[in-house]
2 protein chains.
Amino acid sequence: MSGLADSNTDSLAQRLADSGLRATPQREIVYDVLLHKRDHPTADQVFTRVKENLPGISLATVYNCLETLVSCGLVRQVNLEREPTRYCPNLRPHAHFHDEKSGATHDIDLPPGLLDRVKSVLPLGYEASAVEITFRGKTKATR
Amino acid sequence: MSGLADSNTDSLAQRLADSGLRATPQREIVYDVLLHKRDHPTADQVFTRVKENLPGISLATVYNCLETLVSCGLVRQVNLEREPTRYCPNLRPHAHFHDEKSGATHDIDLPPGLLDRVKSVLPLGYEASAVEITFRGKTKATR
DNA sequence: GCTCGAATTGGAATAATTCCAATTAGAAGG
DNA sequence: CCTTCTAATTGGAATTATTCCAATTCGAGC
């Protein structure tokens, strides 16, 4: 179904190795699924997609793999309101825009310096390891 | 236990009336609890606190009241990771800082203009009705 | 006092996620 | 290649926050 996975798979294997973890088929396919369609799927959606290539995988494993990918820094978790957690392989600094009409989530790339500007509002003594910016609203057809 | 509630209660009654809703004792006490200790409690924590004054209240009602307060704009919901939703009566523009060590959430007031600056990164056609900024990290004793 | 819709209540239902014990797989060493 | 030993996976049960629902209660206006 593709021939695109190898360089990704390699960086995956590398990252996993760095954390003392193994590159299993399950982890590779879960990661490929995230890279292949970047629509911020839920764990369930990832499960459905992965099953096409690996029918025997279990949902628990999908959760495990996602957790592993997050913990070695290849994937970000996105939480919106009370909805199920979504997963995002975009590692560039970006915000999320949640379209209230369609429910879709879009990445919004951030200009360099913006995150620093935002962090600069923190009072002395606050050290942020991560900043999340989330928009909610509507998208208009630009026309 | 206090004498501070009336002006709050009045604005509550007003806001509720504006939305065609009634100011019930349950709603008033839930709102007072939020105003009185602004530590971003969960629904369960609100439930516990409200029961001190209104022992017969049910958890379902607490959820209903919180939902009502949110929908008439007096309270904001704060979602962090997968944790239970927290509730915040601070209506000034502010971000949230989630202390990874203590689990506490602090409000960070935002300077005027910052939210507009952040919104300005949105491409044409994106209209944000709300922006949320969340920090995660550690707080150091300033000394 | 009555009426009638709104609000509250308790308990059942739902849904995402985590937990756990048992099995399987794979790398390293012999 | 076989064995070993740990990490990973699996299925199902358990957990937890939240929502749903049907029945009751409340209260403002007549």
Side-chain angles (χ1 to χ4, degrees), chain A residues 9 12-31 33 40-51 53-72 74-75 77-87 103 105, chain B residues 9 12-33 40-51 53-72 74-75 77-88 103 105:
Chain A
T9 303
L12 169 64
Q14 189 56 57
R15 284 291 193 113
L16 288 170
D18 291 350
S19 308
L21 301 168
R22 298 209 288 240
T24 66
Q26 288 87 344
R27 285 169 179 172
E28 285 170 0
I29 296 188
V30 165
Y31 189 44
V33 158
H40 304 83
T42 64
D44 242 14
Q45 292 173 316
V46 172
F47 182 45
T48 302
R49 295 175 195 178
V50 168
K51 272 193 291 192
N53 292 316
L54 205 63
I57 198 171
S58 78
L59 179 57
T61 299
V62 170
Y63 273 103
N64 289 340
C65 291
L66 289 169
E67 150 69 19
T68 301
L69 294 172
V70 168
S71 73
C72 59
L74 285 165
V75 167
Q77 270 177 320
V78 183
N79 289 298
L80 294 155
E81 315 281 303
R82 286 278 86 202
E83 292 177 7
T85 300
R86 296 168 177 280
Y87 296 86
T105 299
Chain B
T9 302
L12 169 65
Q14 190 54 59
R15 285 290 194 114
L16 288 169
D18 291 350
S19 308
L21 302 167
R22 298 210 287 241
T24 66
Q26 289 87 344
R27 286 170 178 171
E28 285 170 1
I29 296 188
V30 165
Y31 189 44
D32 279 352
V33 158
H40 304 85
T42 64
D44 241 14
Q45 291 174 316
V46 173
F47 181 45
T48 302
R49 295 175 195 177
V50 169
K51 273 192 293 190
N53 292 317
L54 205 64
I57 198 171
S58 78
L59 179 57
T61 300
V62 170
Y63 273 102
N64 289 340
C65 291
L66 290 170
E67 150 69 20
T68 301
L69 294 172
V70 168
S71 74
C72 60
L74 285 166
V75 167
Q77 272 177 319
V78 183
N79 289 298
L80 294 155
E81 315 280 306
R82 286 278 88 203
E83 291 177 10
T85 299
R86 296 168 176 280
Y87 297 86
C88 167
T105 298

Please produce a list of atom pairs where a protein N or O lies less than 3.5 Å from an N or O of nucleotides 3-5 of chain D.
none

query = What's the spacing between A:I29 CD1 and A:I57 CD1 if we round to 0.5 Å?
reply = 7.0 Å

task = Can you spot which of A:V75, A:V70, A:L74 makes a side-chain contact (heavy atoms from CB on, under 4.5 Å) with A:C72?
result = A:L74

query = Could you write nucleotides 25-30 of chain D as a row of B, S and -, 5' to 3', where a protein heavy atom under 4.0 Å of any base atom gives B, of only sugar-phosphate atoms gives S, and otherwise -?
reply = -B----

query = Below 4.0 angstrom from OP1 or OP2 of D:dT10, is there any side-chain N or O of A:Q26?
reply = yes

Members of residues 58-65 of chain B that approach DNA chain C, where some heavy atom sits under 4.0 Å away = B:S58, B:A60, B:T61, B:N64

key: C:dA16 OP1/OP2 closer than 4.0 Å to side-chain N/O of B:R82   = no

ask   = Which part of the nucleic acid, if any, lies within contact of A:T85, taking any heavy atom under 4.0 Å across all strands shown: a base, the sugar-phosphate backbone alone, or nothing?
value = sugar-phosphate

task = Please say which of A:L54, A:V62, A:V33, A:D44 ends up in a side-chain contact (heavy atoms from CB on, under 4.5 Å) with A:R49.
result = A:V33

message = If you define the side chain from C-beta out and look only at heavy atoms, does anything of B:Y87 sit under 4.5 Å from B:H40?
response = no

key: Residue whose nearest DNA chain D nucleotide is more 5′ - B:D44 or A:I57   = A:I57

ask   = Looking at CG of B:N53 and CD of B:Q26, how far apart are the two atoms once the value is rounded to the nearest 0.5 Å?
value = 12.0 Å

request  = Mind listing the closest non-hydrogen atom pair of B:L16 and B:A23 along with its distance?
outcome  = CD1-CA, 3.6 Å

inquiry  = Quick check for you: to the nearest 0.5 Å, what is the distance between A:L66 atom CG and A:T85 atom OG1?
reply    = 9.5 Å

ask   = Quick check: does any side chain N or O of A:R27 sit under 3.5 Å from a backbone N or O of A:R22, one acting as donor and the other as acceptor?
value = yes

ask   = What closest approach, in Å, do A:L59 and A:F47 show between heavy atoms, and which atom pair accounts for it?
value = N-CE1, 3.4 Å

remark   = Here the gap from A:N79 atom CG to B:L80 atom CG, rounded to the nearest 0.5 Å, amounts to 9.0 Å

